[in-house]
Amino acid sequence: MEDLSKSSLNFFADQQLCSADILSPIEVRARIEVSVINFLKILNSPDPAISDLPLRRWFYCGIDVIALLHCSRFSLGIVASSRGLVAGRLMLQAHYLLILLSFDCFLYVVLYMEPNEEVIDCSACGSSGYSISGDLSLLEKLDLKTDARQHQHLTHRCLQHAIFQRLTEDFVFNQIPSILITAKGYPDIATRFLLHRLNRAFPDLPILALVDWNPAGLAILCTFKFGSIGMGMEAYRYACNVKWLGLRGDDVQLIPEQSLLPLKPRDLQIARSLMSSEILQRAEVEALYFHGYDYLGKYIAKKIVQADYI
């Protein structure tokens with residue numbers, strides 16, 4: 001785990017690798033034209049070499065184009081569907097109308113900046129929460145409101161889906177004023193973008209992660225905190241200063257022995273540094289229900305009040 005943290009920190013030490021801009025279609029087109037002109041100049045040079053092209057990383061075609069144009073996937077029209085959900089003390093309002101126009105097999109998105117009275121109360125969306133849109137431009141233009149400044153311990157919390165549903169059913173965000181977010185597993189770009197957007201809007205609110213005590217849980221935490229190396233130049237763009245609420249090593253004593261699970265091959269693959277260990281165990285957040293279904297809310301409240309996160 002220490003090797004994973006060091007490698008992430010070393011990777012992000014060079015901020016030049018994270019300069020993929022979010023551009024308008026016109027700006028993207030201009031950069032493509034300039035890149036093509038430069039490419040032709042290289043080919044026409046007396047001694048052309050592919051190494052002269054401004055490509056820093058060779059993952060796959062999409063990453064190469066991002067490195068070449070210094071623009072984000074979203075700017076290139078590469079939009080992955082979002083799995084994320086949000087609930088709790090957050091009000092969302094969009095201040096524009098989204099209109100889709102189609103001409104000659106091309107789809108154009110037109111934004112009219114007009115007032116939209118629809119306000120979404122994320123505390124009233126039920127246990128399923130509010131689905132996070134995969135449209136980053138929509139997320140960027142949302143008006144975000146919360147009563148955070150009235151509460152000392154209001155937080156953003158990154159959660160697993162099953163735990164998210166349980167906590168929303170228990171209305172934990174009313175007991176502990178908070179905004180709950182889940183990516184339903186490894187964080188997608190839209191979920192990370194919204195968390196980053198919330199962090200910019202409310203910089204004084206801590207971001208706490210509640211994940212399983214296993215390599216996958218740590219990997220999810222690190223993706224929120226450090227970004228994904230597989231995203232190349234965009235890796236660090238949506239990283240946030242996430243604190244580790246739990247589960248951690250000192251929480252394992254709260255887990256009944258029969259709920260401790262052996263590490264699986266996938267766990268060992270994620271945490272290569274643990275390959276030689278045969279005695280390590282993993283614990284899931286659900287195992288805390290051994291102490292009663294209301295224990296999870298008490299566990300989270302105690303952690304936050306005591307600032308017991310790293």
Side-chain angles (χ1 to χ4, degrees), residues 5 8-9 11-22 72 74 82 84-96 119-123 125 129-130 132-159 164 167 172-183 187-211 220-228 231 233-246 300-301 303-310:
S5 298
S8 298
L9 291 173
F11 175 79
F12 293 119
D14 183 4
Q15 294 297 315
Q16 295 300 318
L17 294 176
C18 311
S19 56
D21 303 319
I22 298 179
S72 66
F74 185 77
S82 173
L85 302 170
V86 60
R89 307 286 274 267
L90 179 66
M91 307 289 284
L92 304 175
Q93 183 177 14
H95 286 285
Y96 61 89
V119 177
I120 299 166
D121 182 356
C122 293
S123 68
C125 294
Y130 179 73
I132 299 172
S133 170
D135 187 337
L136 303 191
S137 62
L138 186 154
L139 295 177
E140 179 63 37
K141 293 178 174 64
L142 283 176
D143 183 17
L144 308 175
K145 294 181 180 180
T146 182
D147 55 359
R149 292 174 178 80
Q150 300 175 19
H151 300 278
Q152 181 179 359
H153 296 297
L154 193 142
T155 63
H156 311 304
R157 265 179 282 143
C158 309
L159 304 164
F164 175 90
L167 293 177
V172 169
F173 45 78
N174 289 333
Q175 304 166 30
I176 312 167
S178 54
I179 301 169
L180 310 181
I181 293 178
T182 180
D188 56 83
I189 294 178
T191 304
R192 292 173 52 202
F193 183 93
L194 178 61
L195 185 63
H196 187 265
R197 174 89 166 78
L198 288 167
N199 192 207
R200 283 186 287 133
F202 314 115
D204 295 331
L205 302 183
I207 305 174
L208 309 179
L210 181 64
V211 296
I220 291 172
L221 171 67
C222 289
T223 301
F224 276 117
K225 188 175 182 66
F226 302 115
S228 172
M231 288 182 62
M233 299 179 71
E234 290 185 279
Y236 195 66
R237 174 176 288 279
Y238 311 123
C240 299
N241 185 23
V242 179
K243 302 296 185 181
W244 193 0
L245 180 69
I300 294 174
K303 288 271 188 180
I304 294 176
V305 171
Q306 295 181 351
D308 186 10
Y309 40 83
I310 59 177

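Computed from a predicted structure; not experimentally measured.
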| query | How many angstroms lie between CG in N199 and CG in L194, if you round to the nearest 0.5 Å? | reply | 11.0 Å
| said: Could you go through V211 and W244, starting from their C-alpha distance and side-chain angles, then the distance that decides it, and tell me whether this counts as side chain to side chain contact (heavy atoms under 4.5 Å, CB included)? | reply: CA-CA 8 Å; V211 296; W244 193 0; 3.9 Å; yes
| task | Any chance you could measure L138, atom CG, to I132, atom CD1, to the nearest 0.5 Å? | result | 12.0 Å
| Counting only heavy atoms not in K225, do more than 12 fall under 6.0 Å of its NZ? | yes
| task | Taking the side chain as every heavy atom from C-beta outward, state whether L142 and L139 have any pair of such atoms under 4.5 Å apart. | result | yes
| task | May I ask you to decide if D135's main-chain N or O and S133's side chain share a donor-acceptor pair within less than 3.5 Å? | result | yes
| said: To check you understand the geometry: which heavy-atom pair defines the closest contact between A190 and L136, and what is its length? | reply: CA-CD2, 3.9 Å
| request: Measure the OG1-CG distance between T191 and L85 for me, rounded to the nearest 0.5 Å. | output: 8.0 Å
| remark: Here the gap from Y309 atom OH to I300 atom CD1, rounded to the nearest 0.5 Å, amounts to 13.5 Å
| Under 4.5 Å between any side-chain heavy atoms of F202 and L144, yes or no? | yes
| said: Looking at every heavy atom in both P187 and R192, which two are closest together, and how far apart are they? | reply: CB-CG, 3.5 Å
| message | Using every non-hydrogen atom in the two residues, find where K141 and R197 come nearest and quote the distance to one decimal. | response | C-NH2, 4.3 Å
| query | Looking only at heavy atoms, which two atoms of I207 and C240 are closest? And how far apart? | reply | CD1-CB, 3.7 Å
| query | Do you know which two heavy atoms are closest between R89 and I179, and how far apart they sit? | reply | O-CG1, 3.6 Å
| Straight-line distance of L92 CG to Y130 OH, nearest 0.5 Å | 6.5 Å
| task | For residues L198 and I181, determine if any side-chain heavy atom of one lies less than 4.5 Å from a side-chain heavy atom of the other. | result | yes
| said: So P177 and T146, do their side chains get closer than 4.5 Å, heavy atoms only? | reply: no
| query | Sequence neighbours excluded, which residues qualify as side chain to side chain donor-acceptor pair (under 3.5 Å) partners of K243? | reply | none
| task | For S123, check side chain to side chain donor-acceptor pair (under 3.5 Å) against everything at least two apart and list the hits. | result | D121
| query | Shortest non-hydrogen contact from F164 to A87? | reply | CZ-CB, 3.6 Å
| note | To the nearest 0.5 Å, atom CG of L208 lies from atom OG of S178 at 9.0 Å
